[in-house]
Novice: 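Pasting a structure here, questions to come.
Convention: sequence-line order gives letters A, B, ...; per-chain numbering from 1. These values consider heavy atoms only, across backbone and side chains, with no hydrogens, waters or symmetry-generated copies.
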2 protein chains.
Amino acid sequence: MMRADPQGGIEAIVLFCHGARRASWREPFDALRAELAQAAPSLDVRLAFLELMEPGLPSVIDQLAAAGRRRLSIVPVFLAPGSHTREDLPRLVGEARERWPELQIETRDSLTENAAMRAAIIRWILQP
Amino acid sequence: MMRADPQGGIEAIVLFCHGARRASWREPFDALRAELAQAAPSLDVRLAFLELMEPGLPSVIDQLAAAGRRRLSIVPVFLAPGSHTREDLPRLVGEARERWPELQIETRDSLTENAAMRAAIIRWILQP
């Protein structure tokens with residue numbers, strides 16, 4: 001059902017999450033990371049947080065670059081486009097590109113910008 | 001594919017969202033609300049926000065109660081369980097139950113607590 005390398009050359013996916021004070025907040029993201037890694041074993045799948053939790057996005061990108069990854073996809077696991085995805089994320093990616101000019105970094109939209117994701121949410125609401 | 005009245009008697013669904021400074025942040029939630037209303041035409045589907053956007057959850061519950069709705073389902077459109085879903089939401093629902101003792105209010109889990117939702121997110125990541 002799933003393609004392990006859908007984007008032709010992507011070596012690592014970073015799930016970029018907001019972070020929260022409550023430690024348990026991250027548990028479903030840990031599950032998501034593990035399930036994605038299982039679904040796409042050829043990809044190096046990492047979690048990174050904007051704030052309140054570690055590791056932060058800069059250090060994850062640095063680790064991936066140091067490990068020789070060159071083509072990264074950053075998936076903002078945010079519900080909707082706001083300042084975190086439209087300002088913070090481009091700024092952090094811009095800074096990473098200055099540190100690592102050889103990296104190819106793509107960034108993805110937030111979840112509910114995608115019609116198929118909205119349909120999945122509606123199915124979950126109506127068929128709990 | 002979808003059942004219009006899956007919970008046997010629910011009359012209204014409130015999509016409870018965080019809110020943001022950026023006005024455009026709510027656009028995908030407006031789309032989600034409209035698409036859910038279309039998928040379940042028998043349900044009164046409303047958006048409500050925790051902060052930064054209107055209407056707030058208390059006023060939406062009051063409007064639904066005043067309109068004669070008695071069985072409400074509140075869906076926190078939050079990615080993961082944090083203080084907003086574990087503290088703010090129960091507090092707001094508790095206060096609403098004091099104002100409207102005749103209401104039956106159920107609350108749902110956050111999105112990524114659900115394995116099927118995580119699988120949908122993984123599909124979206126791997127098959128953009």
Novice: Do Phe16(B) and Val60(B) belong to the same hydrophobic cluster, where Ile, Leu, Val, Met, Phe, Trp and Tyr are linked whenever their side-chain heavy atoms lie under 4.5 Å apart, directly or via other members?
Specialist: yes

Novice: So which heavy atom on Ala80(B) is nearest to which on Phe29(A), and how close?
Specialist: CB-CE1, 3.3 Å

Novice: Hey, could you give me the CD1/CG distance between Ile125(B) and Leu111(A), rounded to the nearest 0.5 Å?
Specialist: 7.5 Å

Novice: Is NZ or CZ of Arg108(A) both nearer than 6.0 Å to the six-membered ring centre of Trp124(B) and within 45° of the ring axis?
Specialist: yes

Novice: Heavy atoms only, distances under 4.5 angstrom: which of Ala115(A), Pro81(A), Ala116(A), Ser110(A) has the most pairs with chain B? Name it, please.
Specialist: Pro81(A)

Novice: Restricting to non-hydrogen atoms, name the atom on Ser83(B) and the atom on Arg21(A) that form the minimum distance, rounded to 0.1 Å.
Specialist: OG-NH2, 3.9 Å

Novice: Assigning hydrophobic clusters by single linkage (Ile, Leu, Val, Met, Phe, Trp, Tyr; side-chain heavy-atom cutoff under 4.5 Å), is Phe78(A) placed with Val77(B)?
Specialist: no

Novice: Which one, Ala31(A), Ala20(A), Cys17(A), leads in non-hydrogen pairs under 4.5 Å with chain B?
Specialist: Ala31(A)

Novice: How close do Glu113(A) and Pro28(B) get, heavy atom to heavy atom, and via which atoms?
Specialist: N-CB, 4.3 Å

Novice: Please indicate whether Glu102(B) has more than 12 foreign heavy atoms, meaning atoms of other residues, nucleotides or ligands, lying under 6.0 Å from its CD.
Specialist: yes

Novice: Working to the nearest 0.5 Å, report the span between CD1 of Ile122(B) and CG of Leu32(A).
Specialist: 5.0 Å

Novice: Which atoms of Thr85(A) are under 4.5 Å from chain B, going by heavy atoms: the side chain, the backbone, both sets, or neither?
Specialist: neither

Novice: Name the member of Leu15(A), Asp109(A), Leu79(A) that forms the most heavy-atom pairs with chain B at distances under 4.5 Å.
Specialist: Leu79(A)

Novice: Under a 4.5 Å side-chain heavy-atom rule over Ile, Leu, Val, Met, Phe, Trp and Tyr, are Ile74(A) and Leu43(A) clustered together?
Specialist: no

Novice: If I take atom CG from residue Leu126(A) and atom CD1 from residue Ile10(B), how far apart are they, to the nearest 0.5 angstrom?
Specialist: 11.5 Å

Novice: Tell me, side chain or backbone of Glu87(A) under 4.5 Å from chain B's heavy atoms, or both, or neither?
Specialist: side chain

Novice: Among the clusters formed by ILVMFWY side chains lying less than 4.5 Å apart, do Ile105(A) and Leu57(A) turn up in the same one?
Specialist: yes

Novice: Are side-chain heavy atoms of Ile121(B) and Leu36(A) found at a separation under 4.5 Å?
Specialist: no

Novice: Does Met117(B) reach the side chain of Met117(A), with side-chain heavy atoms less than 4.5 Å apart?
Specialist: yes

Novice: Decide yes or no for Arg118(A) and Arg33(B): does some side-chain heavy atom of the first lie under 4.5 Å from some side-chain heavy atom of the second?
Specialist: no

Novice: Check for me, please, whether Val14(B) and Leu89(B) land in the same ILVMFWY cluster - side-chain distances under 4.5 Å, paths through other members count.
Specialist: yes

Novice: If I take atom CH2 from residue Trp25(A) and atom NE2 from residue His84(B), how far apart are they, to the nearest 0.5 angstrom?
Specialist: 10.0 Å

Novice: May I ask you to check whether over 12 heavy atoms, not counting those of Glu51(B), lie within 6.0 Å of atom CD?
Specialist: yes

